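What follows is a set of notes on a single structure, which appears directly below.
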Protein chains: 2
Amino acid sequence: MARRRPTSHDVAKLAGVSRTTVSLVLNDVPGVNISPETRQRVLEAARQLNYYPNAAARRLVSGQTHTIALVWHRGPDRTYRDAFLPGLLQGITRAARHYGYHVLFRPIDPDESDDCYVELARGRHTDGLILSGPRSDDTHLLDLHRDGFPLVLHGQLPGTDIPSVDIDNVRGAALAVEHLLKLGHRRIGMITNAPLIYTASRQRLEGYRQALTQAGIPYDEALVRYGNFDEESGQQAIEALLALDPPPTAVFVASDMVAMGAMRTLRDRGLRVPDDIAIVGFDDITAARFIVPALTTVRVPTFGLGWTAAERLIRLIHRDTLQETHVLLETELVVRESCGAAVP
Amino acid sequence: MARRRPTSHDVAKLAGVSRTTVSLVLNDVPGVNISPETRQRVLEAARQLNYYPNAAARRLVSGQTHTIALVWHRGPDRTYRDAFLPGLLQGITRAARHYGYHVLFRPIDPDESDDCYVELARGRHTDGLILSGPRSDDTHLLDLHRDGFPLVLHGQLPGTDIPSVDIDNVRGAALAVEHLLKLGHRRIGMITNAPLIYTASRQRLEGYRQALTQAGIPYDEALVRYGNFDEESGQQAIEALLALDPPPTAVFVASDMVAMGAMRTLRDRGLRVPDDIAIVGFDDITAARFIVPALTTVRVPTFGLGWTAAERLIRLIHRDTLQETHVLLETELVVRESCGAAVP
DNA sequence: ACGTGTTACTGACACGTGTTAGTCCGAGTA
DNA sequence: TACTCGGACTAACACGTGTCAGTAACACGT
């Protein structure tokens with residue numbers, strides 16, 4: 001026979017006080033006077049009954065869920081999907097815990113409608129949403145924002161004032177290319193991480209371009225090829241670059257996963273990295289450390305992204321104002337072997 | 001001025017019916033008669049007001065949260081922490097969505113008390129818990145189970161009847177060693193994934209042992225070294241094995257991350273894999289595909305683990321009975337280059 | 001005329017908590 | 001003595017929903 005869970009009423013009865021007093025004591029409400037003896041009696045009764053307040057009732061009466069959700073679009077980007085999730089979630093949950101919030105994880109599969117997260121917000125399952133990989137044609141998103149529902153985007157949605165957090169892709173790519181320039185390369189190719197419909201791809205290309213311009217090297221379209229998230233696209237792209245006359249002496253590959261394919265092809269062709277051709281990647285996936293030569297790459301602060309997004313979201317929930325709507329986090333160049341810089 | 005969210009009362013008023021009728025229509029309660037016109041009027045009113053039922057109120061009255069939680073211990077195992085999480089979460093969320101449940105993600109940091117997840121259960125934030133990496137000294141866990149709270153363990157806790165899901169470590173390790181035996185190796189070393197306090201380590205060692213015994217090869221303690229989750233431990237362990245006279249012709253490393261260290265040392269020493277020494281790993285982390293030679297390893301069905309755990313948990317929540325309390329999922333040997341099998 | 005059954009709907013309670021507006025009582029003050 | 005004040009506590013409402021018991025209207029068979 002399953003016994004009924006104890007309620008605050010049971011605690012009150014056992015302690016010989018009213019339910020109100022129980023609530024006041026257990027929530028440590030400031031500005032009310034409860035005698036030490038009564039307080040002690042209530043705490044003891046709660047302990048004895050192993051009382052835990054019912055979350056649903058609390059949510060109902062307070063109107064707050066103390067929960068935030070991460071809405072995670074499963075796009076075609078496997079790196080994004082697998083390599084960034086642990087760090088991002090860790091950042092989010094750490095910040096959430098710090099402020100007393102829970103975290104709901106809601107991936108959106110390709111077969112689901114884009115607006116399936118709306119119920120989460122409208123039905124008051126959560127106090128706010130972090131939306132990863134927002135679509136610009138998502139009208140529901142704008143509706144929610146207009147109605148004042150707390151939202152933070154992970155990624156960018158140009159032309160809106162919805163708060164967002166992302167990495168500085170332009171600067172990150174420039175970091176990589178500047179490093180190659182510093183090593184003396186003048187003919188530097190690029191393989192994008194994905195087609196240019198993706199914002200991040202355009203931005204990383206822009207960073208490449210800026211770094212070249214800064215160094216007084218004209219931008220040459222022939223040196224740019226387009227990756228598509230996976231290894232295979234890297235193999236095709238590097239072959240196209242190798243077919244140039246002369247081929248580049250270095251290539252910035254804007255995705256480690258794509259770079260894996262490029263490096264495989266170089267190895268198969270008997271070309272040595274970095275001696276024959278230098279490579280710098282982007283993302284710093286786990287494998288980057290382990291391949292030979294170890295991949296020089298741009299590290300994405302996944303934990304920081306998660307932490308920042310969650311912290312800003314909770315700030316919005318508390319109706320604080322944010323100093324800046326859009327935040328770009330700095331990336332970090334991790335120098336290993338594939339770029340040809342001297343390694344101690 | 002933020003307008004009040006519409007309630008079922010507002011819908012009722014607009015449709016000219018009682019609140020009960022609204023509830024009956026919107027929930028499609030079977031066995032009640034509502035005229036088609038009324039039904040239509042209610043649906044139209046709900047649509048017009050953009051009505052979403054309040055989750056907290058629903059939870060309170062129904063006593064169900066339609067939420068399950070993944071409680072995730074952040075142990076010292078980086079692979080477990082990062083490489084398995086995405087797949088596991090995907091499996092869990094897929095199953096959860098299929099049955100109409102939400103997923104709460106609750107990592108437990110090293111600085112937190114072990115019982116911080118209890119409030120999740122006792123406070124009725126969730127209908128059930130998946131606990132990853134259970135501790136045998138966790139009395140709160142046993143208490144919850146005794147009180148009939150739905151629990152599923154990811155991992156094993158010998159001596160309890162708490163339902164659990166794990167991979168068959170013994171069989172997985174045996175698969176790896178049998179493969180090496182089939183390739184003609186007779187002197188096979190082993191490096192464990194972690195110290196033997198960890199159940200998985202003991203089991204993988206047992207699988208190694210069983211495969212040898214099966215082949216009529218006596219177990220030799222001198223051929224076994226102990227890894228400790230990371231690369232460095234792999235480097236030390238492989239050096240100890242190389243110092244043997246004669247050294248093993250093949251080594252089963254019960255963790256890909258540890259194997260990364262071992263292979264680095266072999267390369268540094270100028271030894272070729274698999275020609276001089278064959279290697280088989282365990283886990284199939286992303287990097288295993290990309291290193292040279294590509295690592296033959298045992299794949300862990302992370303998605304399956306998540307799906308199975310969630311599905312069984314939800315079954316428990318529905319008070320269905322499970323055929324078997326403990327489930328072991330099969331692993332799969334992924335043959336690549338490091339073992340020396342012919343690759344087409 | 002009368003009981004029976006069915007259809008279509010509603011009133012009222014329950015869920016367990018936070019919180020506001022009080023009440024009671026004894027001490028302090030004019 | 002009368003009046004005020006604050007300490008210690010409580011009664012009662014509100015949150016928004018699901019659901020059970022009940023009712024009015026009407027059809028139908030005898």
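The shown structure was predicted, so the numbers you read here are calculated from the model rather than taken from an experiment. To find a chain, count down the sequence lines: A is the first, B the second, and so on, and within it residues start at 1.
From K13(A), atom NZ reaches atom NE2 of H9(A) across 5.0 Å, with rounding to the nearest 0.5 Å. Taken to the nearest 0.5 Å, the CZ atom of R39(A) stands 9.0 Å off from the CG atom of N33(A). Note that CG of L328(B) and OG of S164(B) are 7.0 Å apart. Values are rounded to the nearest 0.5 Å. Note that OH of Y52(B) and CG of L120(A) are 11.0 Å apart. Values are rounded to the nearest 0.5 Å. How far CG of L60(A) is from OG1 of T65(A): 12.5 Å, rounded to the nearest 0.5 Å.
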Exercise. Before giving the answer on side-chain hydrogen bond (donor to acceptor under 3.5 Å, both in side chains), spell out for D161(A) and H145(A) the whole-Å C-alpha distance, their side-chain angles and the decisive distance to 0.1 Å.
Key: CA-CA 9 Å; D161(A) 58 341; H145(A) 180 57; 3.2 Å; yes
Practice problem: Using the side-chain hydrogen bond (donor to acceptor under 3.5 Å, both in side chains) rule, take T20(A) and S23(A) through it: C-alpha gap first, then chi angles, then the decisive distance, then the call. | Solution: CA-CA 5 Å; T20(A) 305; S23(A) 174; over 6 Å; no
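For the pair T21(A) and dT10(D), the criterion of a side-chain N or O lying under 4.0 Å from OP1 or OP2 is met. Here S23(A) reaches the OP1 or OP2 of dG18(C): one of its side-chain N or O atoms lies under 4.0 Å away. Distances shorter than 4.0 Å separate none of the side-chain N or O atoms of Y51(B) from OP1 or OP2 on dG16(D).
Evaluation of atom-type donor-acceptor distances gives no pair under 3.5 Å for the side chain of S18(B) against the base of dG11(C).
The pair R59(B)-D127(B) fails the salt-bridge criterion, with no side-chain N (NZ, NE, NH1 or NH2) lying under 4.0 Å from an Asp/Glu carboxylate O. Between R41(A) and E37(A), none of the side-chain N atoms (NZ, or NE/NH1/NH2) sits under 4.0 Å from a carboxylate O, so this pair counts as no salt bridge. Checked for salt-bridge contact, D115(B) and R135(B) miss the test: no charged N lies under 4.0 Å from a carboxylate O.
With rounding to whole Å, N54(B) atom CG is found 19 Å from dC15(C) atom P. If you take CD of Q64(A) and P of dA14(D), they are 21 Å apart, rounded to a whole angstrom. Rounded to whole Å, the distance from CZ on R124(A) to C1' on dC15(D) is 13 Å. Between the CG atom of L24(A) and the P atom of dT17(C) there is a distance of 14 Å, given to the nearest Å. Following rounding to the nearest Å, L60(A) (CG) and dA14(C) (P) show an atom-to-atom distance of 17 Å. Rounded to an integer number of Å, the gap from R59(B) CZ to dT17(C) P is 16 Å. What separates CZ of R58(A) from P of dG16(D) is a distance of 19 Å, to the nearest Å.
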Can you pull every protein N or O that's under 3.5 Å from an N or O on nucleotides 26-29 of chain C?
none

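When heavy atoms are screened at a 4.0 angstrom cut-off, R19(B) is found touching base atoms of the nucleic acid.
In this pair, Y101(B) and H318(B) present their aromatic rings tilted. The plane angle is within the 30 to 60° band. Ring planes of H98(A) and W307(A): tilted class, angle from 30 to 60°.
With a cut-off of 3.5 Å on both Watson-Crick or G-U wobble distances, the partner of dT30(D) is given as dA1(C).
Against DNA chain D, the stretch residues 26-49 of chain B makes heavy-atom approaches under 4.0 Å through N27(B). Across residues 7-16 of chain A, T7(A), S8(A) each have a non-hydrogen atom less than 4.0 Å from an atom of DNA chain C (numbered order).
Considering only side-chain atoms of A57(B), the nucleotide from dT10(C), dC15(D), dG16(D) that sits closest is dG16(D).
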